[in-house]
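Accompanying notes for the structure given below.
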Amino acid sequence: MYPFCFGGHDFLAMQDAALFWPARRALLVADLHLEKASWYALRGQMLPPYDSMATLERVNRLINRTDAQELWALGDSFHDAAGVERLAPDVAEGLRTLSRRIDLHWIAGNHDGLSGAALGGEVHEDVLLNGVVLRHHADPSDKRAEISGHFHPVWCVSGRGRHVRRRCFLHDRRKLVMPAFGTLAGGLDARDPIYQAILDKHAQALVPLSDRLLQFPVYPDAVRTSSIASCA
């Protein structure tokens with residue numbers, strides 16, 4: 001876990017595409033896309049049907065590791081609105097157990113709407129916590145500090161015959177875009193022009209590795225600024 005400051009608060013970026021907010025003991029994840037494999041199966045493309053359990057197990061490991069008391073899922077927790085109905089019984093019960101174990105919050109996404117309500121916890125369109133807005137899709141018109149998901153950012157590097165893609169966090173001074181947490185979730189290159197409507201010229205990509213946190217300017221001609229520091 002690697003500390004950095006955003007919106008006047010200290011966060012920890014985790015290699016497993018999650019954020020931990022120590023002051024709230026809150027774990028933030030985005031784009032779980034549970035039941036993605038079963039959605040594809042309904043359309044004739046067969047994938048191993050274990051993605052939801054694998055994602056749930058990763059969430060539980062992070063809760064155990066951080067001793068989090070809150071879990072905020074920032075939208076598209078299910079791959080589609082009917083995904084909750086396709087959950088295997090053990091996964092559904094695991095999510096209900098999670099909602100009894102921790103203060104669980106679902107934020108509505110464009111894929112899943114408010115479907116998480118069936119499994120316990122609270123459901124929100126968006127929420128303001130300690131001056132930071134949590135929502136699924138970034139709102140460029142909102143000038144407050146904001147954490148969102150939706151775009152599944154990845155940092156891509158090519159060289160010496162290899163192409164490497166790593167899930168990454170993107171942020172400027174007001175916006176922070178989370179990587180997708182889901183086991184089968186894909187990714188959108190952090191240099192894609194679509195991010196320019198959200199992030200300013202100072203935007204940085206944070207790539208947590210097992211032994212260090214890498215930081216890159218999203219726009220190559222921008223002046224590199226360091227933000228990997230405590231708010232203190």
Side-chain angles (χ1 to χ4, degrees), residues 14 16-19 26-63 68 70-129 133-139 146-154 165 167 169 177-189 192 194-195 198:
M14 308 183 75
D16 209 357
L19 275 182
L27 184 68
L28 280 62
V29 294
D31 296 281
L32 304 180
H33 282 270
L34 301 172
E35 293 306 304
K36 181 173 182 177
S38 65
W39 185 89
Y40 274 97
L42 291 172
R43 288 149 181 81
Q45 184 174 347
M46 307 308 293
L47 297 173
Y50 310 118
D51 57 308
S52 296
M53 178 58 80
T55 299
L56 175 60
E57 289 175 346
R58 288 170 55 221
V59 169
N60 277 315
R61 284 197 295 270
L62 290 181
I63 291 172
E70 301 176 4
L71 176 64
W72 294 85
L74 305 189
D76 284 359
S77 298
F78 292 88
H79 192 65
D80 63 293
V84 65
E85 300 168 10
R86 299 195 304 274
L87 286 170
D90 56 343
V91 180
E93 183 54 34
L95 288 166
R96 293 188 187 97
T97 299
L98 185 63
S99 72
R100 295 189 291 266
R101 173 189 178 193
I102 196 169
D103 191 5
L104 174 60
H105 298 268
W106 308 94
I107 289 183
N110 60 293
H111 278 258
D112 58 356
L114 303 178
S115 56
L119 297 164
E122 298 183 35
V123 181
H124 314 265
E125 291 288 349
D126 54 48
V127 68
L128 180 65
L129 295 181
V133 179
L134 305 183
R135 58 166 50 102
H136 177 62
H137 192 301
D139 180 359
E146 173 198 87
I147 301 176
S148 63
H150 182 67
F151 291 103
H152 305 199
V154 293
R165 290 163 56 92
R167 302 184 192 202
F169 302 86
V177 182
M178 296 272 294
F181 187 88
T183 299
L184 290 183
L188 178 66
D189 193 317
D192 191 281
I194 198 170
Y195 295 109
I198 303 166

* Heavy-atom side-chain proximity of Ile107 to His105 below 4.5 angstrom -> no

* For Arg96, what residues pass the side-chain contact (heavy atoms from CB on, under 4.5 Å) criterion, not counting sequence neighbours? -> Ala92, Glu93, Arg100, Leu119

* **Side-chain donor or acceptor of Thr55 paired with backbone N/O of Thr183 under 3.5 Å** => yes

* Structure fact -> Shortest non-hydrogen pair, Glu125 vs Ala108, comes out as OE1-CB, 3.9 Å

* Does anything in residues 49-62 pair up under salt bridge (charged side-chain N to carboxylate O under 4.0 Å, His left out), and if so which pairs, sequence neighbours excluded? -> Asp16-Arg58

* To do: Can you tell me which residue pairs pass the salt bridge (charged side-chain N to carboxylate O under 4.0 Å, His left out) test with a partner in residues 29-40, sequence neighbours excluded?
  => none

* To do: List for me each residue that meets side-chain contact (heavy atoms from CB on, under 4.5 Å) alongside Ala26, sequence neighbours excluded, and say none if there are none.
  => Trp21, Arg24, Leu28, Glu70, Trp72

* side chain to side chain contact (heavy atoms under 4.5 Å, CB included) between His124 and Leu134, worked out -> CA-CA 9 Å; His124 314 265; Leu134 305 183; over 6 Å; no

* Do the ring planes of Phe151 and His137 sit parallel (below 30°), tilted (30 to 60°) or perpendicular (above 60°)? -> perpendicular

* **side chain to side chain contact (heavy atoms under 4.5 Å, CB included) between Leu95 and Val84, worked out** => CA-CA 10 Å; Leu95 288 166; Val84 65; over 6 Å; no

* Structure fact -> Hits for side-chain contact (heavy atoms from CB on, under 4.5 Å) against Ala88, two or more places apart or cross-chain, chain-then-number order -> Asp90, Val91

* To do: Hey, could you give me the CG/NE2 distance between Leu34 and His79, rounded to the nearest 0.5 Å?
  => 11.0 Å

* **Expected output: side-chain His136 to main-chain Leu74 donor-acceptor under 3.5 Å** => yes

* Would you please test Asp126 and Glu146 for side chain to side chain contact (heavy atoms under 4.5 Å, CB included) and show each step? => CA-CA 10 Å; Asp126 54 48; Glu146 173 198 87; over 6 Å; no

* Partners meeting side-chain contact (heavy atoms from CB on, under 4.5 Å) with Ala18 (sequence neighbours left out) -> Met14, Leu27, Val29, Leu62, Phe181

* **Heavy-atom donor-acceptor pair, Asp76 side chain to Asn110 backbone, under 3.5 Å** => yes

* Can any side-chain N or O of His33 pair as donor or acceptor with the backbone N or O of Ala185 at less than 3.5 Å? -> no

* Asked: Which heavy atom of Gly121 sits nearest a heavy atom of Ser99, and at what distance?
  -> N-CB, 3.9 Å

* Determine whether Pro179 and Phe169 make a side-chain contact, defined as any pair of heavy atoms from C-beta on separated by less than 4.5 Å. => yes

* To do: Locate the shortest heavy-atom distance separating Ala68 from Ile102; write the atom from each residue and the value.
  => O-CD1, 3.5 Å

